[in-house]
Amino acid sequence: MNKNMERLYNGIIKENPTFVLMLGMCPTLAVTTSAINGIGMGLSTTAVLVFSNFIISILRNIIPDRVRIPAYIVVIASLVTVVQLLIQGFLPSLYSSLGIYIPLIVVNCIILGRAESYAAKNDPISSAFDGIGMGLGFTIALTCIGLCRELLGAGAVFGQQIIPEDYHISIFILAPGAFFVLSILTALQNKFKAPSATNGSAPKSSALVCGGNCASCMGAACAENHLKLAEKAAEEAAKAAAAKKAAAEKALAAKKAAEAAKAAEAGKTE
Amino acid sequence: MKELLLIAIGSALVNNVVLSQFLGLCPFLGVSKKVETSAGMGAAVIFVITIASAVASLIYDFILLPSGMSYLQTIVFILVIAGLVQFVEMFLKKNMVSLYESLGVYLPLITTNCAVLGVALTNVTKAYNFIQSVVNGIGISVGFTIAIVLLAGVRERIEHNDVPYNFQGSPIVLITAGLMSIAFFGFSGLI
């Protein structure tokens, strides 16, 4: 139980996907024109993330290593389709305001990132809790950004007008406002030296050289990742070969011993 | 003809894919340090998005729609795009070595670029036919290239300027992107 609580804390605070890891920036900027949209997007992503982590963790020993990424994508895309149909059926107003960004949850790097770095190595229950933690962290971040933009741009909180219309800075609910809000956020992180991918102090995921950090990805990291993965594979192969060799030697020794014993026995009987 | 021109201009400038739709932000912020590399990335994106929107449109019109399986569009599109990028990479490596050497590095990055899936889905939502889809794909990817090359040019200049400590790194890039986004609002009177 303690471990599950730790996953929740990790997702919401320590490795918050938006504020610390800077993953999934496209939906973060695109749908946060109001707090309600932020919550809707965050919760849809959470639903997909929890089930994809759970299912991938159950299937982790069945999926062959070489085709794991396409297999993960199929699982994620199916879940996204389910969520999309549910939102379309039960929350038509949210569906029309989120639009194309619901199917685009498939390419949100948080989901594939968690599948690859956590669910593929851990048991289903803690993977599901990891999904809940990461999803809630994402939801909280989107809601905060949405609240700021809605308050500055439309003078409202969750649709309730609190600032008179003359004082609205309407650029904040338009596209440029998203860039400005995010830039102020990252500047504040620099100022307070908070752990964040933007100033290179985010906690790194060990499997990849770039730490799964999209914001500072130069493309060069991919080549390094491939190298590192190849090295790891070679190391494992060497280990396996050594183990095989040792086993073969052992078998040979056992055989020799058996033969010697047989010979001795044969000598005795003679 | 006029309608196609409107689609192209609309998707390249008025509704620029990065600056007003926020698709493909990762490469936009990540690969925009130098004009050269960003132009390479832009060329690779034009290449892939044009092919992907054509293939996705054909698959939707001739396979998914007649068999009543249009709800499978997300799954089918993402798999087709991932396969297509792999295939393009192998084809270029085998047959067009010089092109592969200039674009090859960027191709794996594009698989998870949301702009590619975004174009395929927009074409379906707006019920574009095959030719309109291809034109829309070209427009969007040219818009992406324009935006990323412009940003790279600005970033090369920022390198030599005295940026306040707290705004060094990504904050100043995001401010630049925001200002560019305001500038692109100027195009909204075009159509």
Side-chain angles (χ1 to χ4, degrees), chain A residues 22-31 69-70 73-74 76-78 80-81 84-85 99-109 112 171 174-192 196-200 213-223 226, chain B residues 16 18-31 33 37 40-41 71-79 81-83 105-106 108-109 111-118 120-122 124-125 164-185:
Chain A
M22 293 279 166
L23 291 175
M25 280 294 124
C26 304
T28 308
L29 293 180
V31 302
I69 300 287
I73 288 180
V74 171
I76 294 168
S78 324
V80 169
T81 309
Q84 183 185 3
L85 292 176
I100 193 179
Y101 296 101
I102 300 176
L104 284 180
I105 296 176
V106 181
V107 281
N108 190 329
C109 17
L112 200 58
I171 200 159
L174 298 174
F179 286 112
F180 292 145
V181 168
L182 191 72
S183 115
I184 290 164
L185 182 76
T186 46
L188 286 175
Q189 284 171 335
N190 280 355
K191 165 90 183 152
F192 296 112
S196 156
T198 50
N199 48 25
N213 169 12
C214 291
S216 68
C217 176
M218 303 298 147
C222 283
H226 281 298
Chain B
N16 187 286
V18 199
L19 295 172
S20 76
Q21 316 257 333
F22 304 109
L23 299 178
L25 268 183
C26 294
F28 179 67
L29 300 176
V31 201
K33 275 211 166 152
T37 46
M41 183 72 192
Y71 58 90
L72 285 180
Q73 53 178 7
T74 317
I75 306 177
V76 172
F77 286 172
I78 187 80
L79 287 179
I81 290 167
V105 210
Y106 308 106
L109 279 178
T111 322
T112 49
N113 184 336
C114 36
V116 188
L117 185 61
L121 290 170
T122 325
V124 169
T125 334
Y165 172 75
N166 294 329
F167 277 87
Q168 279 171 13
S170 56
I172 189 72
V173 178
L174 288 166
I175 295 256
T176 316
L179 293 176
M180 282 170 64
S181 170
I182 295 180
F184 270 70
F185 268 131

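The figures here come from the full heavy-atom set of this structure, side chains too, leaving out hydrogens, waters and symmetry mates. Remember, predicted model here, so these are calculated numbers, not experimental data. A, B, ... follow the sequence lines: proteins, then strands. Residue 1 opens every chain.
Put simply, CG on Leu182(A) and OG on Ser170(B) are 7.5 Å apart, with the number rounded to the nearest 0.5 Å. One finds the OG1 atom of Thr74(B) at 13.0 Å from the CD1 atom of Ile76(A) (value rounded to the nearest 0.5 Å). In this structure, OG1 in Thr122(B) is found 3.5 Å from CD1 in Ile100(A), a value given to the nearest 0.5 Å.
Per-residue counts of heavy-atom pairs under 4.5 Å with chain B were compared for Ile73(A), Thr28(A), Thr81(A), Leu185(A); the largest is that of Thr81(A). Among the candidates Ala30(A), Gly177(A), Pro27(A), the residue making the largest number of heavy-atom pairs closer than 4.5 Å to chain B is Ala30(A).
Proximity to chain A is absent for every atom of Thr176(B), based on heavy atoms less than 4.5 angstrom apart. Interface remark: Leu72(B) contributes no atoms to any contact with chain A (heavy atom separation under 4.5 Å). Looking at Ser78(A), both its backbone and its side chain come within 4.5 Å of chain B, counting heavy atoms on both sides. Both the backbone and the side chain of Leu179(B) come within less than 4.5 Å of a heavy atom of chain A. Contact of Ile184(A) with chain B is not made at all, since no heavy-atom distance falls under 4.5 Å.
Partners of Val173(B) according to the side chain to side chain contact (heavy atoms under 4.5 Å, CB included) rule, which considers only residues two or more places apart in sequence or in another chain, are Leu29(B), Leu151(B), Arg155(B). Shown here are the ring pair (Phe, Tyr, Trp, His ring centres under 6.0 Å) partners of Phe184(B), two or more places apart in sequence or in another chain: Phe187(B).
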*Output, in order, the C-alpha distance, side-chain angles, deciding distance and verdict of side-chain contact (heavy atoms from CB on, under 4.5 Å) for Phe22(B) and Leu104(A).*
CA-CA 11 Å; Phe22(B) 304 109; Leu104(A) 284 180; over 6 Å; no
*Dump the intermediate steps for side-chain contact (heavy atoms from CB on, under 4.5 Å) on Phe77(B) and Val106(A), then the final yes or no.*
CA-CA 11 Å; Phe77(B) 286 172; Val106(A) 181; over 6 Å; no
*Can you list the steps and then say if Phe179(A) with Ile182(B) is a side-chain contact (heavy atoms from CB on, under 4.5 Å)?*
CA-CA 10 Å; Phe179(A) 286 112; Ile182(B) 295 180; over 6 Å; no
*Step by step, would you call Phe192(A) with Asn166(B) a side-chain contact (heavy atoms from CB on, under 4.5 Å)?*
CA-CA 9 Å; Phe192(A) 296 112; Asn166(B) 294 329; over 6 Å; no
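The nearest pair of heavy atoms linking Cys114(B) to Cys26(A) is SG-SG, 3.1 Å.
Side chain of Asn190(A) to backbone of Phe167(B): no donor-acceptor contact under 3.5 angstrom is found.
When Leu121(B), Leu117(B), Ile78(B) are each tested for a side chain to side chain contact (heavy atoms under 4.5 Å, CB included) with Pro103(A), only one passes: Leu121(B).
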